[in-house]
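Naming convention: chains lettered A, B, ... in sequence-line order (proteins, then strands); numbering from 1 in each chain. Note that these values count all heavy atoms, side chains included, but never hydrogens, waters or copies made by symmetry.
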Amino acid sequence: MTDTPPPKPASPVRKTAVRAAQAGVNVIWLVPILALLVTLAIAWNAYSDRGAMIEVEFADATGITPGETTLRFREITVGQVEGVQFTPDLSSVVVQIRVDQDVAPYLDKQAAFWIVRPQVSAQGVSRLDTVLTGSFIEGYWDAEVTERATRFVGLERPPLIREDAKGSWIRLSMDDGGGLTEGAPILYRGIQVGRIENLRLGEGNEGVIADGFIEAPHDDRLTTSTVFWDTSGFSLSLGTQGISFNVNSLASLLQGGVSFDTLVSGGQPAGPDTVYAVQPDEDTARNNLFVGAQAGQLRLSVLVDNSVRGLEKGADVQFQGLNVGRVTELAVRVDDENGDGEPKVLQHVTIAIAPARLGLAEDATPEDALAFLEAAVEAGLRARVASAGFFGTSLIIEMVEIPDAAPAQIDTAAEPFPIIPSVEGEITDFDQTAQGFISRIGNLPIEEVLKSATEMMNSVTALATSQDTRAIPEGLRGTIEEAQAALGDIRTMVEEFRDTGAAGNAGTALASASELADRLNEAAARLPAILDALEKAAVSAQDVDFASIGAQLDATLQDVRDVIGTPEAEALPGKIGTLVETLDAAAGQVDRLATDLTESGAAANLGKMVEEATAAFASVQAAAVDVPELVDQIDAAAAKVEEFGFAEISAQAEGILADLRAMLGSEDAEQLPRNLSATLEAASGLLNDLRDGNAAGSLNKALESASLAADEVARSVRELPQLVQRLQATAARADAVLAAYGERSAFNSEAVNMLRELRRATESFGSLARMIERNPRAFILGR
Amino acid sequence: MSQVEPQGPVLTAHRAGLIGCRSCGRVWPDSEAACARCGAALVPPDRRGLQAVWAWWIAGLVMYIPANLFPMMRTQTFAGLQGNSEATILEGVLELIDHGSYDIAIIVFVASIIVPIAKFGSIAWLAMVAGRPASVDQAHARLKVFEVVEFVGRWSMIDVFVVAILSALVQLGFVASIHPGPAAASFALSVAFTMLSAQSFDPRLIWRGLPLQSQAGN
């Protein structure tokens with residue numbers, strides 16, 4: 001290597017390098033400075049935008065994810081959850097929320113925070129959007145900043161009523177909060193106008209108190225005389241109008257509810273935080289308008305010495321028929337004021353009376369009411385127990401004016417409450433009344449009476465419609481016709497006899513005729529006996545146990561007898577006598593004829609003729625011999641009539657008249673049959689008339705109608721026991737219905753079961769709802 | 001001069017009074033101010049050029065801080081139902097590990113954490129040791145490192161590319177959507193700055209600091 005001097009550019013190069021370095025510094029170093037500035041600016045921007053950190057305490061942090069869950073105010077995101085911690089005692093969680101700068105200054109003590117989750121309630125599903133977006137924290141605060149705060153206690157659940165909602169807050173007091181839940185609707189004529197909140201026990205263990213919020217336009221309806229009643233669940237009531245079953249909306253069935261109405265005018269507008277008593281049901285509310293102001297009631301005691309079974313706590317107190325109060329307490333009091341050592345057990349009834357209902361001024365005090373009642377008692381006002389209700393089994397206290405009451409006054413010194421004098425109660429004993437009534441009906445011998453009547457009617461009908469009865473007139477007519485025919489025969493025979501003219505035997509004939517006439521006479525003499533027998537038969541017929549028909553028949557038979565006893569009939573014997581006379585005269589004529597015949601000398605023929613006549617007379621005589629037998633037969637017939645009734649009369653009479661036809665042949669006898677015929681025709685006509693419906697028909701009809709009427713009566717009377725039974729059944733049913741309301745009854749257990757089922761369903765629904773609320777995403781993602 | 005003796009002084013272009021054009025590589029004598037071939041200014045290797053390296057390096061490092069603190073990308077699945085994830089680079093890696101995707105986690109971790117940090121370290125080291133005395137082997141090692149940094153530099157953008165591509169592709173509305181976070185821009189800038197930093201480094205400085213051992217030995 002040659003020793004080449006190494007290049008030495010050092011010094012000049014260094015100089016230029018320094019210059020260059022000095023020149024380069026200015027330019028290139030701007031880049032990192034700029035980068036730094038930008039980064040710092042970004043960092044500062046991020047930091048300054050962070051907003052204020054607040055802490056909110058919640059019982060749990062359901063659905064809150066740091067970095068994701070937002071804080072919203074009126075649905076605008078104004079912050080974000082940055083962290084979730086436990087409180088030192090692990091009793092709750094603290095959620096740290098970064099609130100945007102623009103709203104952070106407004107956060108003061110009044111700010112409220114709650115977690116918004118989907119809510120599944122009886123009134124529907126709300127905030128389902130949070131199922132997708134996830135839960136968020138909602139806050140509410142107003143623009144007025146009183147005291148700034150950074151630590152808050154979150155609400156358990158979303159407030160049902162926004163702070164800024166317009167309306168009125170009221171307080172509701174009730175005996176128990178059964179059936180009511182937070183958020184239960186307040187209804188006005190079935191429209192929801194508010195909600196119930198803060199259901200809590202009253203101070204001093206006195207019932208339940210709830211806050212109610214009535215929305216703005218509707219709160220005008222609230223006055224001091226507004227009444228509230230519970231519409232929870234369903235109501236079932238038995239009254240004079242039957243059973244009524246009311247179910248309100250499903251929401252109120254599940255959540256309960258309260259309804260209100262202003263039933264009477266004149267109340268002052270309700271001030272804030274007015275306390276209203278919630279009545280168990282609408283009827284009670286309407287009947288107990290006065291209960292609204294419990295403090296201003298007059299309490300009185302009533303001492304009753306008879307049983308007050310049926311009087312219940314809450315029973316009405318009526319004054320002039322109007323409800324003015326109710327029974328608040330029932331107790332027994334042993335009284336020994338007589339000093340006779342015999343303690344007297346009295347029922348001690350405490351009643352509460354609303355002064356306003358007595359007709360006093362709205363602002364009347366109990367003292368005013370007491371003064372008013374004192375004056376009234378002086379005038380005779382007394383308290384007494386009275387029965388009311390459907391069966392009169394429930395009792396009320398009634399204040400009535402007893403005009404002649406013994407003077408008494410209100411014992412104002414009595415403890416604990418003044419005692420209003422009472423009188424004997426007016427209790428209608430329903431049981432006894434009904435029992436007496438029914439037993440009296442039961443004791444009526446209705447069945448026997450009706451049995452007799454029915455039988456009688458049956459007999460009458462049977463008699464009136466019997467073939468035999470109807471056959472009588474027909475038979476008589478037939479008999480008379482035959483009698484006419486017989487008389488015609490007799491006349492022919494007599495004519496023949498006259499024509500033949502047997503003088504020889506005429507004497508015998510005349511003797512026979514005379515004998516015949518005698519026998520006829522005898523027969524005629526026995527006719528009244530026959531009639532008597534007939535009458536007797538009639539009488540016996542009458543005696544047959546049908547009473548009224550007997551009389552009717554009697555009358556009918558009387559008519560028959562009258563017919564028979566007409567002058568013509570009575571003249572019958574006389575006429576028969578005349579007939580005999582005529583026969584006599586005829587015999588004289590025969591005699592003369594015989595003389596003429598003898599004179600004419602036609603003896604031989606005449607003898608034969610007379611023989612024939614004698615034979616004829618013999619036969620007539622033979623026939624006449626039968627007359628007493630006939631009469632006997634008639635007698636027997638009458639007896640038979642007497643024995644057997646009317647059926648054989650016609651047959652017998654037919655026989656009689658047949659014999660009469662055989663017996664009678666005289667021309668002059670015509671008169672008798674004619675008369676008889678006329679008479680019998682008249683009788684026949686009468687009987688025809690009777691049969692053809694004038695009398696008999698009418699009777700028949702009358703009897704039929706009577707029978708029908710009797711049937712009707714019988715039927716209705718037969719129904720009477722049914723009616724009574726039905727009444728009994730109704731009573732039993734009413735009893736059963738009433739019993740069904742009792743404890744441990746089937747209905748009750750059914751209802752309880754139903755409610756239990758309903759509650760179970762509600763519970764499972766509720767758990768579903770909770771599940772959705774707690775973990776909305778799981779509902780969709782199934783996680 | 002032609003033979004480099006192991007014990008002899010090392011001859012470099014600088015020592016030979018020559019200057020190389022950084023643009024086209026033509027070697028000119030010291031006296032030349034501009035490359036007659038390509039017209040680029042002929043700058044002698046000098047430590048003052050390291051200022052630009054440091055400036056870019058600092059800018060890159062500055063931008064690297066928000067790139068790691070801010071979320072890289074916002075993933076919205078089912079309109080936020082499945083999670084509105086806003087993951088920074090490291091969180092993304094941890095999430096991937098949580099999901100069991102170790103391979104991808106390693107890729108992302110290497111590309112987004114190790115490589116940039118290694119780059120920063122390498123450039124800083126190179127800038128510090130440049131011009132300092134070194135053996136030939138050391139100089140070769142430095143050159144290797146520089147070449148690796150230069151080569152790897154562009155691949156550092158893989159994360160940004162992923163975000164860009166995903167943002168463009170995954171816009172499925174309700175189901176899923178991906179938006180680049182503020183860290184993406186920072187990261188891109190950071191990578192760009194480091195690349196500029198690496199580019200600003202004059203590799204000739206590596207040789208300039210070679211000690212004249214042979215000279216001293218002679």
_Point-to-point distance, once rounded to the nearest 0.5 Å, from CD1 of A:I115 to CD1 of A:I64_ = 3.5 Å
*Is the centre of the B:W57 ring less than 6.0 Å from the centre of the B:F193 ring?*
no
*Max heavy-atom pair count under 4.5 Å with chain A, selected residue of B:L189, B:V62, B:I65*: B:V62
*Proximal component of B:W54, with respect to chain A [non-hydrogen, under 4.5 Å]*: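 Answer is both: backbone and side chain atoms of B:W54 are under 4.5 Å from chain A.
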_Ion pair check, A:E138 and A:R72, cut-off under 4.0 Å_ =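 So A:E138 does not pair with A:R72 through a salt bridge.
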*CD (A:E156) with more than 12 external heavy atoms under 6.0 Å*: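 Atom CD in A:E156 is not crowded, with 12 or fewer foreign heavy atoms closer than 6.0 Å.
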*Check each atom of A:A46 against the heavy atoms of chain B and say whether the ones under 4.5 Å are side chain, backbone, both or neither.*
side chain
